[in-house]
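In what follows, a single structure is set out as structure tokens and then discussed.
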Protein chains: 2
Amino acid sequence: MNPIKVGLLGIGTVGSGTFDVLKRNQEEIRRRAGRGIEITMVADLNTERARELTGGQVQVVADAREVVSHPDIDIVVELIGGYGIARELVLQAIANGKHVVTANKALLAVHGNEIFEAARSKGVMVAFEAAVAGGIPIIKALREGLSANRIQWIAGIINGTTNFILSEMRDKGLDFDTVLKEAQQLGYAEADPTFDIEGIDAAHKITLMSAIAFGMPVQFDKTHVEGITRLSAIDIQYAEELGYRIKLLGLTRRREDGIELRVHPTLVPASRLIANVEGAMNAVLVQGDAVGATLYYGKGAGAEPTASAVIADLVDVTRLHTADPEHRVPHLAFQPDELSSVPVLPIEEVTSSYYLRMRVSDQTGVLADITRILADSGISIDAMLQKESREGEPQTDIIMLSHLAREKQVNAAIARIEALPTVLSGVTRLRMEELN
Amino acid sequence: MNPIKVGLLGIGTVGSGTFDVLKRNQEEIRRRAGRGIEITMVADLNTERARELTGGQVQVVADAREVVSHPDIDIVVELIGGYGIARELVLQAIANGKHVVTANKALLAVHGNEIFEAARSKGVMVAFEAAVAGGIPIIKALREGLSANRIQWIAGIINGTTNFILSEMRDKGLDFDTVLKEAQQLGYAEADPTFDIEGIDAAHKITLMSAIAFGMPVQFDKTHVEGITRLSAIDIQYAEELGYRIKLLGLTRRREDGIELRVHPTLVPASRLIANVEGAMNAVLVQGDAVGATLYYGKGAGAEPTASAVIADLVDVTRLHTADPEHRVPHLAFQPDELSSVPVLPIEEVTSSYYLRMRVSDQTGVLADITRILADSGISIDAMLQKESREGEPQTDIIMLSHLAREKQVNAAIARIEALPTVLSGVTRLRMEELN
């Protein structure tokens with residue numbers, strides 16, 4: 001049988017990784033897929049570099065529209081990124097009856113509903129394993145491996161840059177700004193790291209997983225996003241003393257009244273496997289009602305790990321493209337007409353445990369006032385840490401860990417605490433998840 | 001569309017778990033699969049109990065042959081276990097054009113080639129996610145999620161009973177026999193635990209994973225199997241002092257000259273995530289050339305975790321059974337005519353690091369004699385631990401960790417060491433893997 005023909009849009013890091021792995025393992029991949037998979041066209045503005053990388057074996061063009069409309073191309077791999085031109089090209093490829101493989105989480109988290117609907121109406125596949133957690137086959141696990149389950153929640157370390165920064169901050173006791181610079185020098189963070197450190201990248205990914213887990217449309221605009229830029233070394237240290245690690249988690253949870261969908265720094269018990277995922281590694285923990293907790297761990301970024309996911313999708317499409325579209329795996333795990341519009345809850349309605357740190361005057365009655373406010377607000381305390389005041393300093397840090405409480409109650413209590421004359425700083429508030 | 005009709009052979013723990021989960025989550029599963037999945041027949045010798053468990057909603061028969069030959073049944077789920085009657089029934093179901101889902105690792109590890117060939121010639125699917133690591137979708141990950149990779153090795157904690165026993169031995173410093181009794185009382189070990197503690201169950205599972213990873217027929221008879229029955233508490237403790245945990249691993253590795261395929265107690269660096277998998281949990285670590293290391297963790301046994309895998313297979317079959325057989329996912333990941341007969345290496349040819357413990361006279365020159373023998377055999381030492389002799393006891397334990405060496409060299413060196421008059425015991429030898 002003739003090889004299936006692939007057109008690559010963009011040959012940067014992941015694109016060249018895909019080209020290399022596909023070439024190196026072509027025999028093994030053909031033995032699996034039952035058919036060769038061959039990149040025959042590459043579109044990149046830097047045509048010279050593209051020719052160099054592909055060794056003159058493929059047709060290189062500057063205009064990506066040539067690829068998406070080329071009659072010989074069966075599958076378009078979109079690796080341009082972003083929402084603009086990538087969206088146009090993907091929609092055009094679909095309109096031309098091409099299957100699409102993409103690593104573009106931003107595009108799918110924002111325009112996924114439109115794209116999946118277009119694909120459905122043309123009977124083509126849009127595969128996106130590479131969009132979440134690099135080479136870890138988490139989309140496949142959620143969509144197929146766990147299909148027996150009513151999924152209850154997902155918690156993921158799904159951004160390598162921030163996990164690297166948090167690991168370094170903890171290991172070396174350094175501040176965020178210092179470690180960010182180091183990460184940029186080492187290539188773990190980009191020159192403009194906003195998407196990573198502000199949690200936006202993680203939010204794109206948890207948005208996709210949430211839709212797949214709970215059978216609802218993607219709704220990035222409802223996702224609550226906090227990054228790690230305001231996290232201080234002292235909270236990492238106090239968390240450690242209390243038996244916790246701080247991780248930037250993407251979290252989504254099914255509740256009676258809706259779905260929680262959020263990204264923020266989170267205290268996790270140090271004994272959990274996921275708390276021990278260090279450096280640039282990713283891990284996703286999924287709780288299903290039948291299977292219990294399962295965890296998926298690996299490299300979440302990089303040329304070849306991401307290429308691994310892109311090519312797995314190419315193999316899937318090669319295997320399945322002759323099946324009637326009604327019998328393929330649906331894009332969001334549930335059949336398109338079976339998606340439900342469960343509401344995503346606003347962050348004030350989220351239920352969590354909380355870490356509260358405040359600086360107080362070291363005098364009688366302070367603790368009584370604070371605990372009274374918390375008790376009045378229905379917030380109970382699970383653990384407390386009071387640091388001895390430094391010599392000659394009439395101030396001290398108090399850290400409290402709460403039991404489960406609703407966020408708006410906690411915010412109201414914090415406002416009252418901050419109004420106390422003996423409380424000398426704003427209250428630092430972090431969320432905490434037991435993940436069991 | 002009418003529901004797809006499933007016949008269950010055997011309604012023990014996993015069977016009733018499958019019935020319960022399928023019923024509880026039927027709406028969610030139908031929304032995913034695009035079609036209802038319904039158990040309409042159950043075969044079990046204990047028909048009374050079967051009727052009780054299924055609440056009179058399905059046809060219960062004592063003779064499983066009625067199910068495999070019933071014209072209404074689309075998929076047969078085999079949960080009888082063992083090699084005998086299960087093999088006959090599976091082959092009969094295939095001959096009758098039924099798709100088969102099974103949790104029976106023993107059957108597939110021993111008779112898989114025959115069964116897969118029968119399925120191929122009838123154009124039906126045999127799905128077996130539940131056969132390895134319970135609810136963890138590891139078969140799917142290996143077969144589809146990592147299909148871009150040249151897989152290099154797999155290391156798995158794939159037997160919950162033995163992992164529970166090893167965790168308890170370490171935690172409490174107890175001996176194997178004591179902990180086994182405890183495990184039996186708690187229901188973590190069966191009355192006849194031979195298959196688990198002798199490593200046979202793990203060997204069935206690593207045999208299946210090895211075939212899928214490397215594209216070769218299943219060959220259980222070539223798998224080297226050692227259990228944990230001869231492991232003593234002292235070695236767990238010494239390993240701990242040296243920074244290692246002892247785990248019963250299923251291991252398979254691709255080498256230039258063939259495939260290593262083995263199950264045995266293994267020292268693993270305590271810092272590895274997989275070394276921290278405790279109790280009855282399972283985890284599989286897979287090294288691919290593109291993706292690097294990925295790890296899959298979860299419950300490896302139990303009614304509902306295993307049911308989760310059985311039902312995921314039912315959903316897969318429901319989605320894919322209309323596809324032409326040539327374009328489905330091949331049973332062993334590689335197309336049947338693309339399996340290769342790579343040789344499985346005999347255990348003497350295996351390359352590993354080694355833990356060696358021996359009891360010696362506490363006198364000058366002992367260590368020199370031993371290290372000379374090792375050096376002569378080309379075995380270099382990575383770390384050593386010499387215990388102080390107890391007061392009044394002119395003997396002591398020496399523990400050595402070697403660098404990589406070939407097993408037959410190590411065995412030869414051990415024979416020479418044991419012949420030394422100053423070496424007072426047999427040498428305890430355990431294999432050690434860095435897993436990086």
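Below, chains carry the letters A, B, ... as their sequence lines are ordered, and counting in each starts from 1.
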Under 3.5 Å, side chain of A:Arg31 to main-chain N/O of B:Gly215, donor-acceptor pair present? yes
B:Glu304 side-chain N/O to A:Val291 backbone N/O, donor-acceptor pair under 3.5 Å: no
At a 4.5 Å cut-off on heavy atoms, which part of [X] comes close to chain A: side chain, backbone, both, or neither?
X: B:Ala303; answer: neither
X: B:Asp324; answer: side chain
X: B:Leu314; answer: neither

Taking atom [atom1] of [X] and atom [atom2] of [Y], what is their separation to the nearest 0.5 Å?
X: B:Ile311; Y: A:Ser147; atom1: CD1; atom2: OG; value: 8.5 Å
X: B:Asp316; Y: A:Glu144; atom1: CG; atom2: CD; value: 5.5 Å
X: A:Tyr296; Y: B:Tyr296; atom1: OH; atom2: OH; value: 9.5 Å

Under a 4.5 Å heavy-atom cutoff, which of [options] has the most pairs with chain A?
options: B:Arg30, B:Lys299, B:Lys140; result: B:Lys140
options: B:Arg319, B:Arg24, B:Arg32, B:Arg143; result: B:Arg32
options: B:Gly298, B:Ala312, B:Gly135; result: B:Ala312

Using a cut-off of under 4.5 Å on heavy-atom pairs, state which of A:Thr318, A:Thr294, A:Leu332, A:Leu273 scores highest against chain B. A:Leu273
Shortest non-hydrogen contact from B:Thr322 to A:His327? OG1-CG, 3.2 Å
For [X], is it the side chain, the backbone, both or neither that has a heavy atom under 4.5 Å from a heavy atom of chain B?
X: A:Asn25; result: side chain
X: A:Glu129; result: neither
X: A:Leu339; result: backbone
X: A:Ser340; result: both
X: A:Ala33; result: backbone

Would you mind checking if B:Arg35 and A:Glu338 are paired as a salt bridge, meaning a charged N to carboxylate O distance below 4.0 Å? no
For chain B, which residues from residues 283-290 of chain A lie under 4.5 Å away (heavy-atom distances)? A:Asp289, A:Ala290
Residue pairs passing the ring-ring contact (aromatic ring centres under 6.0 Å, His included) test where at least one lies in residues 128-149 of chain B, sequence neighbours excluded: B:Phe116-B:Phe128
